[in-house]
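Worksheet: one structure, shown below.
In what follows, chains are A, B, ... by sequence order, proteins preceding strands, each numbered from 1.
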There are 2 protein chains.
Amino acid sequence: MLEDMKSYRSYAAGDAILWRGEPLVFVASVVSGVASLSKTLEDGRTQMVGLLLPSDFIGRPGRTQIDFDVTATTDVTLCCFARRPFEQLVEDTPHVAQRLMELALDELDAARDWMLLLGRKTAREKIATFLDMLARRSQLNTAKGDSSAIGAALHLPMTRDQIANYLGLTLETVSRQFSALKADGIIDVSDRRSVTVKDLARLQDETGDDSDGGILS
Amino acid sequence: MLEDMKSYRSYAAGDAILWRGEPLVFVASVVSGVASLSKTLEDGRTQMVGLLLPSDFIGRPGRTQIDFDVTATTDVTLCCFARRPFEQLVEDTPHVAQRLMELALDELDAARDWMLLLGRKTAREKIATFLDMLARRSQLNTAKGDSSAIGAALHLPMTRDQIANYLGLTLETVSRQFSALKADGIIDVSDRRSVTVKDLARLQDETGDDSDGGILS
DNA sequence: TCATAGTTTTGATCTATATCAATGCTTACG
DNA sequence: CGTAAGCATTGATATAGATCAAAACTATGA
């Protein structure tokens, strides 16, 4: 039984969970907190390439290494399984294999949206997209189908510096864009760790995205 | 037998192969030519989010739609299978399902490398990375283990404009960086569609990448 | 072989964002 | 309380790359 193999691990904000190239001895799922995947250039410039929120999965069937670092962005608890028995489970149960494939494809779609953001969006569009993403996520986690993201305070799971690393900006630019969106009455920035969306429609107009989300055609 | 379902389709350079949101009735593999995946913002800015070279796969098990456009970059021939029987095959043969998972993970790794490029690399580093990638690819396709990429002309499968779309730049910047690398004696640009790498080591130094490719540790 | 259209290169200028630098605001801890 | 130590904001300036504009190739086809 896989249940027997389950164990929990905790990491404090800022701790490394896995280094690039380190052998993957376990796979895990995020129980609480936020972790991030990041890549670094020779001279230290870094770019986040993924964000892991509760219920997200760490690990790749058939691979023993990863080529990015995994870091605890906030305090994080993981639910870990040893890799070998997990892979056995995947082989034995097609249903699980299929689910993992879906997860991989979802990650791929998210990565491609992020490529568009990194390559072509302006600083303001990047911030608007980021906040819109957080708003959608938090809406999912609270009442399903309740459209009251407006008015409710969004918790920012990261510092300005980490947001900058995620969006391919500097922390100063992130701060300035928050201020600008606030001055324009689109958001409110009370506490440094929370943002209130005052006008969701206008925020979404600022993302630069094609409005028809694939509904047409 | 799946063989019975096989058919070939050809597209001229510039033709659309699939539009975003269009129902996916077939899956395919690239036989010859180069196709690209791209995403577009409201106002027309576009970003390539993937390049499909011969042997690459189009299609996603369990999905009936894609949220990017697929376009023929050069003349392209695809080998197509109807989606339904293909999915049946995937369900029945775990070996194929596993292979598809590997392909998805490879694409994900490539997407993440590209995120680092788009978010943090300079124009020169982007061009160097692009050329290095083409050099590696062409080396694989010719003599395995033959390190004579130096001196051999690399064929560029796309115009300056398309390269710019791939790298998150403008075509003018692409052109200027080619000229600069040429002036520095790192490459030679004879024909507009081919580049000769004169100093591969120096080209790789210009990519900004951490030199140890995960070999350490 | 000339004309035309498409692509590429090069030049001049502009601007969004980075960089450098200072000041302000929380939170924690003596 | 008060005083660090982190973060965050704001300001001044620099710069990489975009944008606008023109000229130089290349290929195609009459």
Side-chain angles (χ1 to χ4, degrees), chain A residues 12-15 41 43-47 73-75 117-131 153-184 187-196 206 208, chain B residues 12-14 41 43-47 73-75 117-131 155-184 187-195 206 208:
Chain A
D15 282 3
L41 294 175
D43 65 358
R45 281 170 285 167
T46 81
Q47 174 65 53
T73 299
T74 62
D75 291 351
L117 176 143
L118 292 172
R120 295 300 183 194
K121 288 190 180 182
T122 64
R124 173 178 262 244
E125 288 168 340
K126 287 177 175 181
I127 296 289
T129 305
F130 177 67
L131 292 176
L154 276 179
H155 179 71
L156 302 180
M158 23 167 56
T159 65
R160 300 289 181 270
D161 188 42
Q162 290 168 326
I163 295 171
N165 271 342
Y166 196 28
L167 299 175
L169 297 172
T170 59
L171 68 114
E172 293 95 331
T173 299
V174 170
S175 179
R176 277 185 244 272
Q177 294 300 332
F178 273 127
S179 300
L181 287 171
K182 181 179 178 178
D184 293 348
I187 63 172
D188 222 332
V189 188
S190 34
D191 170 21
R192 46 175 64 176
R193 277 307 187 110
S194 54
V195 164
T196 308
E206 299 282 354
Chain B
L41 294 174
D43 64 358
R45 279 170 287 167
T46 81
Q47 174 65 51
T73 299
T74 62
D75 292 351
L117 176 143
L118 292 171
R120 295 299 183 196
K121 288 190 180 181
T122 64
R124 173 179 263 244
E125 287 168 341
K126 287 176 175 181
I127 296 289
T129 305
F130 177 67
L131 293 176
H155 178 72
L156 302 180
M158 25 172 50
T159 65
R160 300 289 181 269
D161 188 42
Q162 291 168 325
I163 295 171
N165 271 344
Y166 196 30
L167 299 175
L169 297 171
T170 59
L171 69 122
E172 293 95 332
T173 298
V174 170
S175 179
R176 275 185 244 273
Q177 294 300 333
F178 273 128
S179 300
L181 288 171
K182 181 178 179 179
D184 293 348
I187 63 172
D188 223 332
V189 188
S190 34
D191 170 20
R192 48 174 63 178
R193 278 308 187 109
S194 54
V195 164
E206 299 281 355

Checking the side chain of [X] only, and the main-chain atoms of [Y] only, is there a donor and an acceptor separated by less than 3.5 Å?
{"X": "B/S179", "Y": "B/S175", "result": "yes"}
{"X": "B/D191", "Y": "B/R193", "result": "yes"}
{"X": "B/D75", "Y": "B/A13", "result": "yes"}
{"X": "A/R192", "Y": "A/R160", "result": "no"}
{"X": "B/R45", "Y": "A/R120", "result": "yes"}

Filtered N/O pairs between nucleotides 5-9 of chain C and protein, under 3.5 Å:
unit_1, atom_1, unit_2, atom_2, d
C/dT8, OP2, B/R160, N, 3.1
C/dT9, OP1, B/R160, NH2, 3.3
C/dT9, OP2, B/R160, NE, 2.7
C/dT9, OP2, B/S175, OG, 2.8
C/dT9, O5', B/S175, OG, 3.1

Which of A/T129, A/D184, A/T173 passes side-chain hydrogen bond (donor to acceptor under 3.5 Å, both in side chains) with A/R124? It is A/D184

Would you give the length of the straight line joining atom [atom1] of [X] to atom [atom2] of [Y], rounded to the nearest 0.5 angstrom?
{"X": "A/I127", "Y": "A/L117", "atom1": "CD1", "atom2": "CG", "value": "9.5 Å"}
{"X": "B/L169", "Y": "B/D161", "atom1": "CG", "atom2": "CG", "value": "11.5 Å"}
{"X": "A/S194", "Y": "A/L154", "atom1": "OG", "atom2": "CG", "value": "8.5 Å"}

Using whole Å, report how far [atom1] of [X] lies from [atom2] of [N].
{"X": "B/R120", "N": "D/dA16", "atom1": "CZ", "atom2": "C1'", "result": "15 Å"}
{"X": "B/D43", "N": "D/dT19", "atom1": "CG", "atom2": "P", "result": "10 Å"}
{"X": "B/K126", "N": "D/dA16", "atom1": "NZ", "atom2": "P", "result": "14 Å"}

Between its two end axes (five pairs each) the helix from C/dT1-D/dA30 to C/dG30-D/dC1 turns, nearest 10 degrees, through 30°

Looking at every heavy atom in both B/A164 and B/T170, which two are closest together, and how far apart are they? CB-C, 3.4 Å

Output one line per pair: protein atom, nucleotide atom from nucleotides 14-17 of chain C, and distance, for all N/O pairs under 3.5 Å.
unit_1, atom_1, unit_2, atom_2, d
C/dT17, OP1, A/A123, N, 2.9

